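Every heavy atom of this structure was used, including side-chain atoms; hydrogens, water molecules and symmetry mates were not. Fair warning: this is a prediction, and the values are worked out from it, not measured in the lab. Chain A is the first sequence line, chain B the second, and so forth, proteins listed ahead of strands; every chain is numbered from 1.
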Amino acid sequence: MNKILEIFLSILTAVGGFVEIGEMTFAQDAGSKFGFSLLWVVILGTVGIMVFGEMSGRIAAVTEQPVFHIVRIRSGIRLGLLALFGSIMVNLMTCTAEIGGMAMILKLLWGGSYRLFIIVAFIFIVLSSWFLPFKWIERLFGLMGLMMGLYVVSAVLMKPDWNKVAAGLVPNIPHLKNTQEIFVWLFFIISFMSSIMLPYETYFYASGGIEDRWKPADITVNRTIILIGFTLGAFVSAALVMNGAELFQALKIDPQLPGTSVMAASQTLKQFGLIGALLGMFFAFAGACIETCFAGAYSIAQFFGWPWGKYRKPAGAPRFTIAWLVIFTLGMLIVIIGIDPIQIVEYAIVFSVIILPLSYFPVLMVAKDRQYMGGFANGKLSNILGWFYLILLTIAGVAAIPLLILTHGGKG
Amino acid sequence: VNKESKKNATLQISSAAILLIAAIAAFFYYHNRPLDKERLKVLVGDLRSTASEANLLSDQIEQEKVKPTYTDEHLSMMIDAARKTSEKLKKAKVQDELTPEKEITEKTAQELVTGLEKYKKGSVGTQDFETLAKKLDQVEESLE
């Protein structure tokens, strides 16, 4: 019974923690620009994160080795350092954007100084990270993030044309007027997919597996959580696209600010929707902020072979503790000097496309290695999917920067 | 061997430096050249989106779908965004043939900022954001 409750809570945690500020921005914007036609990207991205999340979790359970230790062994020092640097930069950028997003939400809820709320958000996440054990951090923010489910309710209450929704789930090319629109469409496919497949999710998930001392016997539980949790999380992502298509496309609004996004919930659920969605966003952003920061600290510690883990007291893993404290502090300082968090989100998502193949290639190599993984190595389906996504991500990585420039950051 | 590797290192550093300078020069050229249709359209689109959003927000306020604190704070953020775009537009040079579009947009942007400020202060109904959104939409379409 306890085991079932544990799995159930883990699934809910995965659902609540699925969406962060980048995915939220790109999902609603994708809906406002291309209607329901990009819904299939939710499926593409979700299957991708499931494939690599499952592999990383399985590697953690079988070898008890974290992702960045494997990256270093498999890619060598030079390429490994490049992947490490890229991942730290993307994690720092995402963490910064989440702090800015949290401060904006606090300001919308209570009114007052943005800079003061940046400090409040910073203190809140540092204290939570310091005092709460790993499982509690995952649970608290994941479960509170479930309030994002209000966007699903809102999407249904908007009475969408379900035929169009179903058509959007199949890859399609919408009516595009000129070359520039084709570029914007491609930019949104790449960025939206990348926002769902952000590498920190895999680092955090696999490191969490080691924190929770997974064993090979836990592989089935790992698969269940990923399969059900991520699928349900994808509903929130799809609902955001539908909100964008139903409300913002008709009115020609580009939902960039958190305050704009939440209008989709208040449109149907009034003040209850407004407050609930704002709180859901706050906890989802706070959870993602801690995850990105810890993913950065895990990567550094695992790469250099330092003691790491939340199960250790700060004095037992001093360099790891300093690493996460430094990432939080840098993130706070970047937003407090006035850099726009929404712009940081966009760059973080685009740059993460570039490092995704570098991060996932070693994972695939180890997961399919029978000498390393024994009977738990990839089957045919995992290998086919792994290679398919690696090729796709490599193409996306090459196209990301040119498309960012050509489309003026996706604006047209 | 030392001489050879020194030569190689110098060559590599010089190539990297030339590439970096070229990239910085290209970046500055790109940002300082007069706005073409596409870049002007991006600014017009930002303003049109804000005007349209103000219209939606005023509807939601009327139907009591949002809280006063949220309204105040979100309006402040929208004013900041509109003001930033308006200032960017004022400072920017455009290609000669786009001067009329730039002038209309600048004027409408100013009306939008003033309208949002008045609306925040409580002079409800003094600004028709829908009209402003339509005006900007027309400019955007003329830039297609």
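Counting only distance, with no hydrogens or angles, the side chain of Gln180(A) and the backbone of Glu38(B) share no donor-acceptor pair below 3.5 Å. No side-chain donor-acceptor contact under 3.5 Å links Tyr70(B) to the backbone of Ile275(A). Distance alone, capped at 3.5 Å, places no donor-acceptor pair between the Lys65(B) side chain and the Ser266(A) backbone. In this structure a side-chain-to-backbone donor-acceptor pair under 3.5 Å is missing from Thr69(B) to Gly111(A).
For the options Lys270(A), Met104(A), Gln256(A), heavy-atom pairs under 4.5 Å to chain B are most numerous at Lys270(A).
Contact annotation for Lys41(B): neither backbone nor side-chain heavy atoms come within less than 4.5 Å of a heavy atom of chain A. With a threshold of 4.5 angstrom between heavy atoms, Leu109(A) approaches chain B through N, CA, C or O but not through any side-chain atom. Neither the backbone nor the side chain of Leu269(A) comes within contact range of chain B, judged by heavy atoms closer than 4.5 Å. Residue Asp340(A): no heavy atom, backbone or side chain, is found under 4.5 Å from chain B. Leu251(A) touches chain B through backbone and side chain together, each having a heavy atom under 4.5 Å away. Only the side chain of Asp137(B) comes within contact range of chain A, with at least one heavy atom under 4.5 Å from a heavy atom of that chain.
Taking NZ from Lys411(A) and CG from Leu43(B), the interatomic distance works out to 8.0 Å, rounded to the nearest 0.5 Å. The CZ atom of Phe248(A) sits 7.0 Å away from the CD atom of Glu53(B) when rounded to the nearest 0.5 Å. Here the CE-OG1 distance, from Met77(B) to Thr260(A), works out to 9.0 Å after rounding to the nearest 0.5 Å.
For Ile173(A), the CD1 atom sits in a loose shell: 12 or fewer heavy atoms of surrounding residues, nucleotides or ligands are nearer than 6.0 Å. Within 6.0 Å of OH on Tyr347(A) lie no more than 12 heavy atoms contributed by other residues, nucleotides or ligands.
Taking non-hydrogen atoms and a 4.5 Å limit, the residue list of residues 95-106 of chain B in contact with chain A is empty.
Inter-residue side-chain proximity for Arg48(B) and Asp254(A) is flagged as met; some heavy-atom pair is nearer than 4.5 Å. Side-chain contact between Glu140(B) and Lys252(A) is absent, with no heavy atoms from C-beta onward closer than 4.5 Å.
In this model, no donor atom of one side chain and acceptor atom of the other lie less than 3.5 Å apart for Glu64(B) and Gln271(A).
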